[in-house]
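Read the structure below first, then the notes.
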Amino acid sequence: MFRVENLSKSFGNKEVLKKINLEIFRGEVFALMGPSGVGKTTLLRILNFLETPTDGKMMFNGRECAIRQKNTVMHKMSMLFQRPALFNSSVFNNVAYGLIIRGVDKKTIGKKVIEALNLVGLAGYEKQRALTLSGGEAQRMVFARAIVYSPDLLLLDEPTSNLDPANVAKIEEIIKKIRSEHGTTIVIATHNIPQVRRIADRVGILLNGELIEVNSKEKIFTNPGDARSAAFIKGEMIY
Ligand SMILES: Nc1ncnc2c1ncn2[C@@H]1O[C@H](COP(=O)(O)OP(=O)(O)O)[C@@H](O)[C@H]1O
Ligand SMILES: [Mg+2]
């Protein structure tokens, strides 16, 4: 579905990503792992066209993405940020946002918002003000906002890092459901190793700006191809 070739990114003279080569397959849950500050968010932002790479190519459905095509591609993807932004309005309006800006008609908006809220377990919350939601509810609401226009690709940046275990479990259930019911391709940045075991199909490990290993979850956890991956997965790496 998505491929990046020799992708690099520098901020000033600091090289954050070094020649990343990565392929994302349709319908998979791909976990992007690595210590904090390693470039996970930067890579997701590049995939979502919020950041321009310093060098390299990006291909979507086999075609190279020039900046002028980015709007077509962007319509098919959605990103959930590490720190969710809530609009000071109702839950309904917060979730409807992506449909309103895409010019969807009112009736369809109503139907899709209700479907998305059902999927994240927030049926009946439409009229509540977003700012009065609990942390877990707020995160599920922004999840509904991210999926309301049925994206093909969902980019999740540490979606559970600030949540309690009950809400972590709920978010993981939502991720599994979106994948199985809608076939959505999901890339999730996380340093939560048990979470990767629970939800990922394949795993990529980022270290010092390099993607040191990309493998199936089974392989990464039982027989990693890189000693540094092994150390990271066993929790021996200090970060
Ligand atoms: N806009 C920016 N300007 C300068 N440095 C940045 C910018 N965005 C990220 N960085 C730096 O890039 C590195 C990687 O950051 P980030 O992608 O957020 O890592 P991670 O998500 O893995 O914790 C960090 O050292 C961070 O300070
Ligand atoms: Mg980050």
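On a predicted model such as this, the values are computed, not experimentally measured, just so you know. Order of appearance sets the numbers: ligands from 1, and atoms from 1 within every ligand.
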Open item on the list: If the criterion is any heavy atom closer than 4.0 Å to an atom of ligand 1, which residues make the list?
Closed with: F11, K14, V16, P35, S36, G37, V38, G39, K40, T41, T42
Task: Pairs involving residues 119-143, ordered by first then second residue, that meet salt bridge (charged side-chain N to carboxylate O under 4.0 Å, His left out) (sequence neighbours left out) - done: none
Task: E23: side chain to side chain donor-acceptor pair (under 3.5 Å) partners, not counting sequence neighbours - done: none
Task: Which atom of A130 lies closest to which atom of L86, heavy atoms considered - done: O-CD1, 3.7 Å
Open item on the list: Check this for me, if you would: do K176 and E173 make a salt bridge, where the nitrogen-to-carboxylate-oxygen distance has to be below 4.0 angstrom?
Closed with: yes
- [ ] Could I get the full list of ring pair (Phe, Tyr, Trp, His ring centres under 6.0 Å) partners for F25, not counting sequence neighbours?
- [x] none
- [ ] Output yes if S36 passes the N/O/S-under-2.8 Å test against the Mg ion (ligand 2); output no otherwise.
- [x] no
Open item on the list: Nearest 0.5 angstrom please: K234 NZ to I193 CD1, how far?
Closed with: 11.5 Å
